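This report refers to the structure that appears directly beneath it.
The chains referred to below are lettered A, B, ... by the order of the sequence lines, with proteins before strands, and numbering in each begins at 1. Every heavy atom of this structure was used, including side-chain atoms; hydrogens, water molecules and symmetry mates were not. Being a predicted model, the structure only gives us computed values, none of them experimental.
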2 protein chains.
Amino acid sequence: MPVTIREVAKAADVSITTVSRALNGYSDVSEETRRRIMRVAEELNYRPNAVARSLVTNRTRTIGFLVSELSKGRTGHYYLFPILYGMQDRLAELGYDLILVSTTTTRQREITYLDFCTERRVEGVVAMGLRLDDPYLHEIVESPLPSVVIDVPLLSDRCGYVMTDNVYGAKLAVRHLLGRGHKKIGFVNGHSQAAVSMDRRRGYEEAMVSAGFRADQLPVFESDFTLEGGKQASEILLEKHPELTAIFYASDLMAIGGLRFLHERGRNAPKDLAVVGFDDVELSEVVTPALSTIRQKRYEIGVTAAEMLVEMMDADGFPQGRMLAPELIVRASS
Amino acid sequence: MPVTIREVAKAADVSITTVSRALNGYSDVSEETRRRIMRVAEELNYRPNAVARSLVTNRTRTIGFLVSELSKGRTGHYYLFPILYGMQDRLAELGYDLILVSTTTTRQREITYLDFCTERRVEGVVAMGLRLDDPYLHEIVESPLPSVVIDVPLLSDRCGYVMTDNVYGAKLAVRHLLGRGHKKIGFVNGHSQAAVSMDRRRGYEEAMVSAGFRADQLPVFESDFTLEGGKQASEILLEKHPELTAIFYASDLMAIGGLRFLHERGRNAPKDLAVVGFDDVELSEVVTPALSTIRQKRYEIGVTAAEMLVEMMDADGFPQGRMLAPELIVRASS
DNA sequence: CTGTTAGCGCTTTCAA
DNA sequence: TTGAAAGCGCTAACAG
């Protein structure tokens, strides 16, 4: 059993109250006593029991991290890791820890998201990977628990969001292709239940319309964000629109699927088709040809989510929606 | 503020003890009382405070999850996600939750792994991504806290491990290639500070020696597990040993790098070079040509780690080393 | 079968 | 500048 505050007090010959004050940096302790207590605590290797402290302060400094249904073989984790790291790093600095909120709550009794957080006295939640038709989405957004969702622009009383400015990102991609002289630019979108899909489509359409194309005649195909999906989408889209000289994909994985499709047909990017993706996952830099893409600042998204949440919790800040600027990365594929 | 047990007791007109007993499923409560209490608890939407419970039971049902230095742009997360899911799923069933143990402990004051776990009263730890020269490794293995490490065969008083039988896996790969008629089989290994590298090399060597080759003349090159590393390794190894007709890579990512190298040179697997990887990450199925590989049962590794740890914690089981059998997956690249 | 009592380890009034 | 005492919400003897 670990050392308790009582043992430290006894060894330092003071009351536990004084130990508590000394160790928590209160000013009303004489320097001499403080030093003695610190020394004793050190010698005994004392570690305050966070559980006991939480019970009295009513603060657990615990943040829930929820990734929806990711266990089901989704490929989304190629995208989310840097976000997680950004969150974790910043939260550690701010003195918070992350606990994973299981979505496959197969515990003895079924337990909801909010029940879990209530029992554990989780102070706030960051959620990602949520589809618009995800049953959790509503629960999280409407819950009184402070929360931040990634990539879903829903604001409520206690829920903010962080995401990339996808409309702008898509425009960057299209303008880049237009600038390269392309006129026939297709778009392979992600599934319709992702909020980002709508924005990326809008960005694509607006940029194309600005360039003089008719919105209702744009070559668009809806896929599912995966590599395989991107491959199939490319085939279908190019069959229907053989005149295309460029395709913008709403994810790197789909774009890589496109590259693969081309390769299988003995064709190549950027010669036969210019290819631009979205996300800038690690893979994009190393595929052949290296993939041009719209970089999302994923680590920063994580950091921002962390700070926003803590501000809601600690400083009574109200929920905000924050858009981070993406960045065009030109590589070999376009 | 959430509802407390006291309020439930008052509303149900019993003592808090009885409420506790009823809700925790003790038998010494009359059916009628129990039902009444359950109903009241339900109505009030009562959720027991896990913090308070932990303080008295001295159990937090919290497991630490440590991934070493993964934030530093490592590509290891392609591998580890399914392990995490396996753990999380099984631990949820067993009534435990995962808390992330930050390795970049930039908190106000520096705090070690063990300090963190002590303060949070973490009951056990699963660690992965540990290099043999990782400073955490020693600390974890020697710590009195029950722990399980993934992919490092170090056993101690309180630390067990789970990993794939890498020697066997490598042998499967080599035998497969031998069976296809290959005689000149090279090996691209991961970095030397990974325990799995040693085993995979041993498996390769033993299989080759069994087939009549001399151990000291085998074409081996040490790389770093990454795609880019695998690409470079392929170039170097093939330059030095142009006679090779097959290469076995110690990771899928490196093998994919190999495929890419071939492609850039206008050559192809399996015609010009048979390629086999290790891990069976999601990507391997969708690259072209689809990658033959040694499948690690990653979800099962996670499940096993969870069960082993819980057995150490709950049932006073002693630490074990567990090897899971890998599986040869033959696809197009060989 | 139920209630009383005594803590778990800590923080926080309130007095001294 | 220090200590005594109360109590956070719960479980667990021990009586009755």
Side-chain angles (χ1 to χ4, degrees), chain A residues 1-38 40-41 44-62 95 115-123, chain B residues 1-41 44-62 95 115-123 314:
Chain A
M1 289 290 288
V3 179
T4 72
I5 197 174
R6 177 177 271 97
E7 304 171 54
V8 177
K10 200 168 296 172
D13 199 35
V14 290
S15 71
I16 59 172
T17 311
T18 306
V19 175
S20 174
R21 278 193 288 240
L23 263 30
N24 287 315
Y26 285 70
S27 59
D28 55 354
V29 179
S30 79
E31 257 320 305
E32 196 217 308
T33 321
R34 158 170 282 120
R35 262 198 301 274
R36 181 158 37 97
I37 291 174
M38 302 274 267
V40 170
L44 295 179
N45 204 17
Y46 169 69
R47 294 290 144 200
N49 183 334
V51 174
R53 174 182 288 156
S54 287
L55 184 59
V56 45
T57 60
N58 208 20
R59 301 282 319 257
T60 56
R61 306 199 77 84
T62 304
D115 289 343
F116 175 86
C117 294
T118 308
E119 291 195 5
R120 281 270 180 183
R121 295 309 190 256
V122 166
E123 297 189 40
Chain B
M1 291 288 289
V3 180
T4 70
I5 196 174
R6 178 177 273 99
E7 304 171 53
V8 177
K10 200 169 296 172
D13 199 34
V14 290
S15 71
I16 58 172
T17 312
T18 305
V19 175
S20 175
R21 279 193 287 241
L23 262 29
N24 287 313
Y26 284 69
S27 59
D28 54 355
V29 179
S30 78
E31 256 321 304
E32 197 216 310
T33 320
R34 156 170 283 120
R35 261 200 300 274
R36 182 158 37 99
I37 291 173
M38 303 273 268
R39 188 169 46 71
V40 170
L44 296 179
N45 203 18
Y46 169 70
R47 294 291 144 200
N49 183 335
V51 174
R53 174 182 289 156
S54 287
L55 185 59
V56 44
T57 59
N58 209 21
R59 301 282 321 256
T60 56
R61 306 200 78 85
T62 305
D115 289 344
F116 174 87
C117 294
T118 308
E119 291 194 5
R120 282 271 179 182
R121 295 307 190 258
V122 165
E123 297 189 43
D314 287 5

Exercise. Show your reasoning for whether side chain to side chain donor-acceptor pair (under 3.5 Å) applies to B/T17 and B/S20.
Key: CA-CA 5 Å; B/T17 312; B/S20 175; over 6 Å; no

Practice problem: Report yes if at least one side-chain N or O of B/T18 is closer than 4.0 Å to OP1 or OP2 of C/dT2; otherwise report no. | Solution: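 So the side-chain polar atoms of B/T18 never come under 4.0 Å of the phosphate oxygens OP1 or OP2 of C/dT2.
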
Identify whether the distance between the nearest side-chain nitrogen and carboxylate oxygen of [X] and [Y] falls below 4.0 Å.
X: B/R59; Y: B/D314; value: yes
X: A/R61; Y: A/E123; value: no
X: A/E31; Y: A/R34; value: yes

Quiz item: Tell me, for nucleotides 8-16 of chain C in 5' to 3' order, what letter each nucleotide earns: B for a base near a protein heavy atom under 4.0 Å, S for only sugar-phosphate near one, - for neither?
Solution: BBBBB----

Exercise. Would you grab the first and last nucleotide of DNA chain D (5' to 3') that comes under 4.0 Å of any non-hydrogen atom in chain A?
Key: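 Result: D/dT1 to D/dG9.
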
Quiz item: Given B/V40 and B/Y46, is the side chain to side chain contact (heavy atoms under 4.5 Å, CB included) satisfied, shown in steps?
Solution: CA-CA 8 Å; B/V40 170; B/Y46 169 70; over 6 Å; no

Quiz item: Which distance, rounded to the nearest 0.5 Å, do you find between the CG of A/N45 and the CZ of A/R47?
Solution: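 Answer rounded to 0.5 Å: 5.5 Å.
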
Quiz item: With no hydrogens and no angle check, do the side chains of B/T62 and A/R120 hold a donor and an acceptor under 3.5 Å apart?
Solution: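 B/T62 vs A/R120: donor-acceptor pair found between side chains.
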
Quiz item: Does the pair A/S54 and A/V51 meet the rule for a side chain to side chain contact (heavy atoms under 4.5 Å, CB included), with working shown?
Solution: CA-CA 5 Å; A/S54 287; A/V51 174; 5.7 Å; no

Quiz prompt | Angle between terminal axes - the helix from C/dC1-D/dG16 to C/dA16-D/dT1, 5 pairs each end, rounded to 10° | solution =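 It comes to 40° between the two terminal axes.
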
Quiz item: What does B/S54 touch in the nucleic acid at a heavy-atom separation under 4.0 angstrom: a base, only the sugar-phosphate, or nothing?
Solution: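 Since no nucleic acid heavy atom lies under 4.0 Å of B/S54, the category is nothing.
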
Quiz item: Is any side-chain heavy atom of A/T4 less than 4.5 Å from a side-chain heavy atom of A/N49?
Solution: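 With C-beta onward as the side chain, the pair stays apart.
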
Quiz item: Between B/V19 and B/M38, does a side chain to side chain contact (heavy atoms under 4.5 Å, CB included) hold up when you go through it step by step?
Solution: CA-CA 9 Å; B/V19 175; B/M38 303 273 268; over 6 Å; no

